[in-house]
J.: 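The structure is given below, and queries will be raised subsequently.
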Amino acid sequence: MLLAIDVGNTNTVFGIYRDKELIGSFRLSTTAERTSDEIGMQIHMYYTFLGLQISDTKAVIVASVVPPVMYTLINAIRKYVGVRPLVVGKDVDTGLKNCYDNPKEVGIDRLVNAVSAVEKYGSPLIIIDIGTATTFDVIDAEGAYRGGAIFPGIKVAMEALFQKASKLPRVDIVRPEKAIGTNTVMSMQSGAVRGYAGAIQGIVREMMEEIGGTCRVVATGGMGRMMAEYCDTITDVDANLTLTGLRMIYEANRDKFDAVEPIGPLVVSAEEEVNEHL
């Protein structure tokens, strides 16, 4: 089995694959305060919940945009799974042509999404990841990563509004039936959802003009499905785009993963961490 891990700014998603089948997935909040033992025990608990043996995990692949959590995460995997994980961008490459001015500036999750989306939906393509940040990624007709756009996620924006405007409450992000809100909560909800839907559609249309025509638009991320209901430009929703991309990158680099010697579960005391340069 393969354990694929997507470390995002808000959540870390763990996906367990048997060949190409996603057996199950779970998420933990991403925080540098969590210890390797906490992470390791959560992984063990989920395997037990699914009736799986953690010793059947032969490879672990990680994509991360949060460097501060990597030390404890990798130690958790080595201590509790008994496998040395390979990190995308460090140990293995995505295999995607990256045309960014400085290719290293692109978040690795965006490139992993592109690998998955191109394989599943073809190119040209626009990918919208609607999470902590809302990112737009453009893949040209040749399957190369051209660039994109970034703006604050809807939850981040609404939290900032709550923090900075003393009379505005914290509200649930739902779309009222009417655009004209008749109270403060409805007005905030209408502005948030309709505003973001309008921004998404406007950015997508301009991007399509720049690449010279229409293309498929794939939404992913925590808010992807909800926003797709209000954006005619979104053609597909794929909640597991990043996990699928990690699996594909693993399959394309099987030789590197097969070369990793299993280390077996480590017996490490609560006062110790695995001593390895990351």
Side-chain angles (χ1 to χ4, degrees), residues 6-13 26-34 38 63-70 72 100 102 105-110 112-113 126-138 147-210 217-242:
D6 169 29
V7 184
N9 288 298
T10 302
N11 293 309
T12 297
V13 183
F26 71 101
R27 63 182 60 218
L28 298 176
S29 59
T30 301
T31 171
E33 304 306 314
R34 202 186 302 274
E38 289 175 308
S64 173
V65 296
V66 190
V69 307
M70 291 300 289
T72 52
Y100 224 51
N102 180 358
E105 290 182 354
V106 184
I108 201 67
D109 56 335
R110 300 170 71 182
V112 172
N113 284 346
I126 296 174
I127 306 161
I128 311 173
D129 191 342
I130 308 172
T132 305
T134 298
T135 60
F136 297 76
D137 298 298
V138 177
I150 305 171
F151 76 121
I154 187 170
K155 289 184 178 180
V156 171
M158 292 303 289
E159 185 64 20
L161 193 61
F162 167 73
Q163 295 288 346
K164 296 297 183 180
S166 60
K167 288 190 175 183
L168 295 182
R170 183 181 279 121
V171 300
D172 293 331
I173 300 175
V174 296
R175 181 179 184 267
E177 183 178 339
K178 296 181 179 180
I180 302 173
T182 55
N183 56 60
T184 300
V185 170
M186 288 179 60
S187 297
M188 293 176 68
Q189 291 171 333
S190 180
V193 178
R194 288 180 169 85
Y196 264 77
I200 287 171
Q201 296 190 117
I203 291 172
V204 167
R205 290 191 182 104
E206 288 195 37
M207 286 180 167
M208 286 184 179
E209 290 176 6
E210 291 182 18
V217 178
V218 181
T220 190
M223 304 292 291
R225 188 169 300 281
M226 187 194 82
M227 294 308 299
E229 296 179 13
Y230 312 120
C231 299
D232 295 337
T233 52
I234 295 175
T235 58
D236 303 273
V237 178
D238 194 328
N240 294 320
L241 198 63
T242 311

J.: Can you measure from CG (D129) to CD1 (I150) and round to the nearest 0.5 angstrom?
T.: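 With rounding to 0.5 Å, CG (D129) is 11.0 Å from CD1 (I150).
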J.: What do the steps show when you test E210 against V138 for side chain to side chain contact (heavy atoms under 4.5 Å, CB included), and what is the final call?
T.: CA-CA 10 Å; E210 291 182 18; V138 177; over 6 Å; no
J.: Is there a donor-acceptor pair closer than 3.5 Å between any side-chain N or O of Y100 and the backbone N or O of G148?
T.: no
J.: Using the test side-chain hydrogen bond (donor to acceptor under 3.5 Å, both in side chains), find all partners of T220 that sit at least two apart in sequence or belong to another chain.
T.: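 With neighbours one apart ignored, the set is empty.
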J.: What closest approach, in Å, do V237 and A228 show between heavy atoms, and which atom pair accounts for it?
T.: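 Taking V237 first and A228 second, the nearest heavy atoms are CG2-CB, 3.4 Å.
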J.: With sequence neighbours left out, write down each residue that passes side-chain contact (heavy atoms from CB on, under 4.5 Å) with S190, or none if nothing qualifies.
T.: P176, A179, R194
J.: Minimum heavy-atom separation for G8 and V65, please, with both atom names.
T.: CA-CG2, 4.0 Å
J.: With rounding to the nearest 0.5 Å, note down the distance linking OG in S29 to CG in N9.
T.: 13.0 Å
J.: Name all pairs fulfilling the salt bridge (Lys or Arg N to Asp or Glu O under 4.0 Å) condition that reach into residues 218-240, sequence neighbours left out, sorted by first residue then second.
T.: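 The answer is K120-D238, R216-D236.
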J.: Among T12, T72, L28, whose side-chain contact (heavy atoms from CB on, under 4.5 Å) with R34 holds?
T.: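 When T12, T72, L28 are each tested with R34, the side-chain contact (heavy atoms from CB on, under 4.5 Å) holds only for L28.
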J.: Can you sort out the partners of F26 under ring pair (Phe, Tyr, Trp, His ring centres under 6.0 Å), two or more places apart, ordered by chain and number?
T.: F14, Y46
J.: Taking all non-hydrogen atoms of both residues into account, name the closest pair between P169 and F162 and its distance.
T.: C-CD1, 3.4 Å
J.: Could you grab the distance from atom OG1 of T134 to atom CD1 of I128, nearest 0.5 Å is fine?
T.: 8.5 Å
J.: From K178 NZ over to M186 CE, what is the distance, rounded to the nearest 0.5 angstrom?
T.: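 CE of M186 is found 7.5 Å from NZ of K178.
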J.: Nearest heavy-atom pair of G224 and A219: which atoms, and what distance?
T.: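 Closest heavy-atom pair between G224 and A219: O-CB, 4.1 Å.
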J.: Kindly write out the residues that satisfy salt bridge (Lys or Arg N to Asp or Glu O under 4.0 Å) with D137, not counting sequence neighbours, or none if the list is empty.
T.: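 Partners of D137 under the salt bridge (Lys or Arg N to Asp or Glu O under 4.0 Å) test: R110.
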J.: Calculate, to the nearest 0.5 Å, the distance between atoms CG and OG1 belonging to N11 and T132 respectively.
T.: 7.5 Å
J.: Please collect all side chain to side chain donor-acceptor pair (under 3.5 Å) contacts where either partner lies in residues 153-170, sequence neighbours excluded, each pair once.
T.: E159-Q163, E159-R170
J.: Nearest 0.5 Å please: distance from the CD1 atom of I154 over to the CD1 atom of I130.
T.: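 I154 CD1 to I130 CD1: 8.5 Å, rounded to 0.5 Å.
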J.: What closest approach, in Å, do V193 and M227 show between heavy atoms, and which atom pair accounts for it?
T.: O-CE, 3.6 Å
J.: Any donor and acceptor pair, going by atom type alone, linking the side chain of D172 with main-chain N or O of V174 inside 3.5 Å?
T.: no
